[in-house]
*Asks:* 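Have a look at this one.
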Amino acid sequence: MRIVVTGGAGFIGGAVVRALLEESHDVVVLDSLRPDVHRDGGDAARARLGAQGVRIVEGDVRDVTLVRQHVHGADAVVHLAAKVGLGVDLDDMDDYVSCNAVGTAMVLRACHDAGVTRLVQASSMVVYGEGAYECEEHGPVAPPPRDEQRLAAGLFEPDCPHCGADLVPHLVAEDAVMDPRNTYAATKVTQEQLAAVWARETGASATSLRLHNVYGPGMPRSTPYAGVAAIFWSASTSGQPPQVFEDGGQRRDFVHVDDIASAFVAAVQSEGASGAAGEHTAYNVGSGVVHTVGDLATELALLAGGPSPVVTGRYRLGDVRHITASSDRARRELGWTATVPFTQGLSGLSFS
């Protein structure tokens, strides 16, 4: 298959490209080589892709003419290009919307014009907001947005909106209501909605992979993908204790970038399950194993031989408390499952 990968020069994109090449696909990368992602101006990415025999087209996905030209004749497009991070401030709201929402619209328009009928794109677990919770008295409930007064008082766990009782967190499934709680999350919801419209109106197939907390070798230290892993690792290797926000009990699903790449390959190659004609299908892509942010800090401190983490009680209003997914649908319909264990994956962690 001839596959165009937008954002293919990035951290996740590089792993996806490698996995597609291993399956003997013909890959073309379209990437803007944003300086906030590629601090060396893209030299390392150009060299890596060139060594793999992959052609890289340098350009912005918001240039519909450029995208149309290079997706023409493609069997599928893997759309990874996006501005990442929380979007906790409003100063760059327009940049998130432009890069992620408008960029996706341009890719979809170009695919339609060029006759491309299969798209697999990167979404995120942030579309859910908080994860799935249950109250002993009221059953499944959706907690309201986090209250800054409660956070400042050290009350980090969400409570039942009906009775105030403690909630029990569960794995979230794809049929959960989307509840974006920051700018980045809102743009990922928009990407999915645009893909659904495109599929319905053109008869094409669209798949969104809701990625959980991705880590692995070559994480870019200077971008939000690195997140707390880069911060914890930097502190530990400098002989400083990692500073853990809240109480460290935030539940997450940390999934290795190689597992993410294999999920994209499974979605691209799937016949029938991955976005049937005229449909948009979303899949959670996580390891299936719950760890806390405190677990991550402790493991990285041990690997680096540094001091134990310090729990600070600090918080960010745009964060969510617990978000872990069920990836059963991906296992059933795509035949995909994560294979890299947490400790093994962290032992190979590195930053670019």
Side-chain angles (χ1 to χ4, degrees), residues 5 7-8 10-23 25 27 48 52 78 80 84 120 122-126 131 171-172 174 207-221 223-234 236-237 242 250-270 274 282-304 322-352:
V5 181
F11 166 53
I12 292 177
V16 171
V17 168
R18 287 194 302 273
L20 290 169
L21 292 174
E22 289 171 0
E23 295 293 319
H25 295 297
V27 179
R48 182 182 70 250
Q52 295 171 316
V78 174
L80 305 175
V84 300
V120 180
S123 184
S124 171
M125 53 82 178
V126 297
L171 299 181
V172 63
E174 290 86 352
T207 302
S208 295
L209 301 185
R210 294 174 179 168
L211 311 183
H212 282 248
N213 296 82
V214 187
Y215 72 97
M219 291 180 70
R221 190 184 302 272
T223 74
Y225 262 132
V228 292
I231 297 169
F232 291 164
W233 184 251
S234 179
S236 296
T237 54
Q250 306 95 305
R251 290 161 55 100
R252 296 291 187 268
D253 187 325
F254 298 100
V255 57
H256 195 274
V257 69
D258 288 347
D259 284 328
I260 294 294
S262 68
F264 275 98
V265 172
V268 167
Q269 296 182 161
S270 173
S274 177
Y283 295 96
N284 289 332
V285 180
S287 71
V289 180
V290 175
H291 290 94
T292 67
V293 171
D295 291 339
L296 177 67
T298 298
E299 191 66 35
L300 289 175
L302 287 171
L303 287 170
H322 302 302
I323 177 65
T324 54
S326 166
S327 298
D328 286 348
R329 176 184 286 181
R331 176 184 53 78
R332 291 192 313 268
E333 298 182 9
L334 302 180
W336 174 87
T337 187
T339 61
V340 181
F342 182 64
T343 301
Q344 177 185 322
L346 288 179
S347 66
L349 190 65
S350 65
F351 298 92
S352 62

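Predicted model only: the values in this text are computed from it and were never measured.
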*Asks:* Any chance you could measure I323, atom CD1, to N213, atom CG, to the nearest 0.5 Å?
*Replies:*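 Reported to 0.5 Å precision, the distance equals 9.0 Å.
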*Asks:* Is there side-chain contact between V293 and R252, with at least one heavy-atom pair below 4.5 Å?
*Replies:*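 A side-chain contact exists here, since the closest heavy-atom pair is under 4.5 Å.
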*Asks:* Compare every heavy atom of L300 with every heavy atom of A229, then report the nearest pair and how far apart it is.
*Replies:*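 Between these two residues, the closest heavy atoms are O-CD1, 3.7 Å.
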*Asks:* Tell me whether R210 contacts the main-chain N or O of E174 through its side chain, where contact means a donor paired with an acceptor under 3.5 Å.
*Replies:*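 Yes; at least one donor-acceptor contact below 3.5 Å.
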*Asks:* Distance check, rounded to the nearest 0.5 Å: L296 atom CG versus F342 atom CZ?
*Replies:*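 L296 atom CG to F342 atom CZ measures 5.0 Å (nearest 0.5 Å).
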*Asks:* With side chains defined as the heavy atoms from C-beta onward, is the minimum distance between L211 and I12 less than 4.5 Å?
*Replies:*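 L211 reaches I12 side chain to side chain.
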*Asks:* What closest approach, in Å, do Q344 and S347 show between heavy atoms, and which atom pair accounts for it?
*Replies:*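 What the structure gives for the nearest pair is O-OG, 2.5 Å.
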*Asks:* Just wondering, do W233 and L303 contact through their side chains at under 4.5 Å, heavy atoms?
*Replies:*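 In short, these two side chains touch, coming nearer than 4.5 Å.
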*Asks:* My understanding is that only one of R48, Q52, E22 makes a side-chain contact (heavy atoms from CB on, under 4.5 Å) with V17; could you say which?
*Replies:*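 Option passing the side-chain contact (heavy atoms from CB on, under 4.5 Å) with V17: Q52.
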*Asks:* With a 4.5 Å limit on heavy-atom distance, are the side chains of N284 and M125 in contact?
*Replies:*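 Sidechains of M125 and N284: no contact.
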*Asks:* Out of curiosity, I231 CD1 to S236 OG, how far, rounded to the nearest 0.5 Å?
*Replies:*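 Reported value, rounded in 0.5 Å steps: 11.5 Å.
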*Asks:* Would you say P217 and H256 make side-chain contact, with heavy atoms under 4.5 Å?
*Replies:*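 With C-beta onward as the side chain, the pair touches.
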*Asks:* If we count only N and O atoms by modelled type, under 3.5 Å, do the side chains of D295 and T298 hold a donor and an acceptor together?
*Replies:*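 No - no donor-acceptor pair under 3.5 Å links their side chains.
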*Asks:* Applying the side-chain contact (heavy atoms from CB on, under 4.5 Å) criterion to F11, which one of V257, V16, L80 satisfies it?
*Replies:*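 The residue from V257, V16, L80 that satisfies side-chain contact (heavy atoms from CB on, under 4.5 Å) with F11 turns out to be V257.
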*Asks:* Just by distance, with hydrogens left out, do Q269 and H25 show a side-chain donor and acceptor under 3.5 Å apart?
*Replies:*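 On atom types as modelled, these side chains qualify, holding a pair under 3.5 Å.
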*Asks:* Could you check whether any side-chain heavy atom of S270 comes within less than 4.5 Å of a side-chain heavy atom of W336, counting everything from C-beta outward?
*Replies:*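 No, too far: nothing below the 4.5 Å cut-off.
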*Asks:* Could you tell me the separation between the OG atom of S326 and the CZ atom of R331, rounded to the nearest 0.5 Å?
*Replies:*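 Atom-to-atom, S326:OG and R331:CZ are 8.0 Å apart.
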*Asks:* Could you measure the distance from the OH atom of Y215 to the CD1 atom of I260? Nearest 0.5 Å is fine.
*Replies:*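 Separation between the atoms: 10.5 Å.
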*Asks:* Say whether D253 and S287, considering side chains only, have a donor N or O and an acceptor N or O under 3.5 Å apart.
*Replies:*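 Yes, S287 and D253 have a side-chain donor paired with an acceptor closer than 3.5 Å.
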*Asks:* Does the separation of the ring centres of F254 and H212 fall below 6.0 angstrom?
*Replies:*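 No, the ring of F254 stays outside the 6.0 Å limit from the ring of H212, centre to centre.
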*Asks:* Roughly how far, to the nearest 0.5 Å, is CG of L171 from CZ of R251?
*Replies:*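 R251 atom CZ to L171 atom CG measures 7.0 Å (nearest 0.5 Å).
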